Amino acid sequence: MDALMPFLSGRRAVVAWLVAALLVTFLATRFTTRAIRAGRGPFRDASVGGVHLHHEVYGIFLLLGTGTAEFTYRPGGGWQYVLAALFGAGAALTLDEFALWLHLDDVYWSAEGRSSVDAVLLALLVGGLLLFGANPFDTDEAGGEVAVLVTVAVNTVFALISILKGRVVAGVVGVFVPVVGMVAALRLARPSSPWARRRYPAGSDRARRAQERFPAGRRNRWDALVDLFAPGTRPALPRGVARVDG
C-alpha cells in the first residue's frame, strides 16, 4: 500500500483503513436498521433467548478483540490494516447506539437517538483530521513532549469553552485546528448551553443577543446532515414556533 499510495503511508494508512471501515459499517448499519424497521428484505432483529441483541454488542466485542490483539501482538504489515478496519467497524457499531448507552433506553428512532449520529459523524470528522495530518499529539512535528503538552492544554481549554457554549463541532475541530476552537470560544454562546445558563443572566444584553442569534427552531447545516441518517427524528418544537434553517 505504501508504494501504491505515498500519501497514505505509515500511520496515515492505518487511519485510512480505520476511517473507511467506520464509514462503510455505519452506512451499512443504517441501511439495515431502516430496512428492518420498514419490514423490507431479509433483515431481522437478532435475539438470544428472547432478548433483543443490539448491534452495539457486536461492536463492543470487536473493540475488545482488536484492542487485545494490538496490545498483545503488535502486528505489522497487512495485519495492522486488518485490525484497524475491524476496530473501525466495531467503533461504528458501538457509536451508532451511543444514545442507548447514554440514556439507558432504546431511543434509536427518537429525537434523543440523533445523538448516535452526532457521535459517529464526530468520530469520522476526527478520523478525517488525523488522516490529513492534523495531529496535536505528534511529538516529532511539535518539537518535543513539552511543546505537545502546552499545545494540547491550550487547545483543550478553547475546545472545552466552545463545547460549553454549545458549539460542539467547532470544539472538537479546535482540538486539532487551534484557530477554530479559539474563534468558537470567543463567540456568543447558544442560549440553551451550560455557558449561557450560568453566565448570561435573564434579561441581560448577552442573553438577548444569544436569543436573537439562535432563535427557537433554528437549524444549522449539521442538523441537515443528521437528518440524512435519522429521518423523522427531529425534536418537537413548542406550538407556534417555526423551524428556521440557517
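The structure displayed is predicted, hence computed values, not measured ones.
A distance-only check finds no donor-acceptor pair linking the side chain of Ser193 to the backbone of Ala189 [under 3.5 Å]. The main-chain N or O of Val107 is never found under 3.5 Å from a side-chain atom of Glu112 such that the two would form a donor-acceptor pair. Although no hydrogens or angles enter the test, the distance criterion places a donor-acceptor pair under 3.5 Å between the side chain of Ser116 and the main chain of Ala99. No donor-acceptor distance shorter than 3.5 angstrom exists from the side chain of Thr72 to the backbone of Ala69, with no hydrogens or angles considered. Ser204 contributes a side-chain N or O that, together with a main-chain N or O of Ala207, makes up a donor-acceptor pair within less than 3.5 Å.
Of all the heavy atoms in Ala159 and Val175, the pair that sits closest is CB-CG2, 3.6 Å. Listed here is the closest heavy atom pair of Arg114 and Asp223: NH2-O, 3.3 Å. Residue Phe214 comes nearest to Arg167 through the heavy atom pair CZ-NH2, 3.3 Å, listed as atom of the first residue, atom of the second, then distance. The shortest non-hydrogen separation linking Leu83 to Pro75 is CD1-CG, 3.4 Å. Annotation for Ile163 and Gly171: closest pair CG1-CA, 4.1 Å, computed over non-hydrogen atoms. Closest heavy-atom contact between Ala184 and Ala170: CB-CB, 3.6 Å.
Using a 4.5 Å cut-off on side-chain heavy atoms (C-beta onward), Met182 and Ser162 make no contact. Counting heavy atoms from C-beta outward, Arg208 and Arg206 have side chains that stay 4.5 Å or more apart. Between Gln80 and Arg74, the closest side-chain pair of non-hydrogen atoms is not below 4.5 Å. Using a 4.5 Å cut-off on side-chain heavy atoms (C-beta onward), Leu27 and Phe229 make contact. Considering only heavy atoms from C-beta on, Phe87 stays 4.5 Å or farther from Leu62 through its side chain.
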Derivation and outcome, side chain to side chain contact (heavy atoms under 4.5 Å, CB included), residues Lys165 and Leu188 = CA-CA 7 Å; Lys165 285 189 169 185; Leu188 201 63; over 6 Å; no
Leu121 vs Trp222, side chain to side chain contact (heavy atoms under 4.5 Å, CB included): CA-CA, chis, key distance, verdict = CA-CA 9 Å; Leu121 293 179; Trp222 185 268; 3.5 Å; yes
Do Leu102 and Ser115 pass the side chain to side chain contact (heavy atoms under 4.5 Å, CB included) test, and can you show the C-alpha distance, the side-chain angles, and the key distance before you say yes or no?
-> CA-CA 9 Å; Leu102 178 65; Ser115 59; 4.3 Å; yes
Verdict with reasoning, Leu130 to Phe176, per side chain to side chain contact (heavy atoms under 4.5 Å, CB included) | CA-CA 8 Å; Leu130 290 172; Phe176 300 86; 3.7 Å; yes
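The CZ atom of Arg190 sits 12.5 Å away from the CD atom of Gln211 when rounded to the nearest 0.5 Å. With rounding to the nearest 0.5 angstrom, the CZ atom of Phe158 is 6.5 Å from the CG atom of Leu186. Going from atom CZ of Phe43 over to atom CD1 of Ile36 covers 7.5 Å, rounded to the nearest 0.5 Å. A distance of 11.0 Å separates OG1 in Thr156 from CD1 in Ile161, rounded to the nearest 0.5 Å. One finds the OG1 atom of Thr94 at 10.0 Å from the CG atom of Leu22 (value rounded to the nearest 0.5 Å). The CZ atom of Phe61 lies 15.0 Å from the CG atom of Leu86; values are rounded to the nearest 0.5 Å.
Hydrophobic clustering keeps Leu64 apart from Leu53 (ILVMFWY residues linked when any side-chain heavy atoms are closer than 4.5 Å, directly or through intermediates). Transitive grouping of hydrophobic side chains (ILVMFWY, heavy atoms separated by less than 4.5 Å) keeps Leu129 and Leu18 in distinct clusters. Trp109 and Trp101 are not part of a single hydrophobic cluster, where members link through side-chain heavy atoms under 4.5 Å apart. Both Val168 and Val117 are part of a single hydrophobic cluster, where members link through side-chain heavy atoms under 4.5 Å apart. One hydrophobic cluster, built from ILVMFWY side chains closer than 4.5 Å, cannot hold both Val51 and Leu100; they sit in different ones.
Of the candidates Thr25, Thr29, Asp96, His55 forms a side-chain hydrogen bond (donor to acceptor under 3.5 Å, both in side chains) with just one, namely Asp96.
Other residues, nucleotides and ligands contribute over 12 non-hydrogen atoms within 6.0 Å of the CZ atom of Arg209. The environment of Trp79 atom CH2 is sparse: at most 12 non-hydrogen atoms of other residues, nucleotides or ligands sit within 6.0 angstrom.
Annotation: His103 is not in aromatic contact with Tyr108 [ring centroid separation under 6.0 Å not met].
Tyr200 is linked by a side-chain hydrogen bond (donor to acceptor under 3.5 Å, both in side chains) to nothing, counting only residues two or more places apart in sequence or in another chain.
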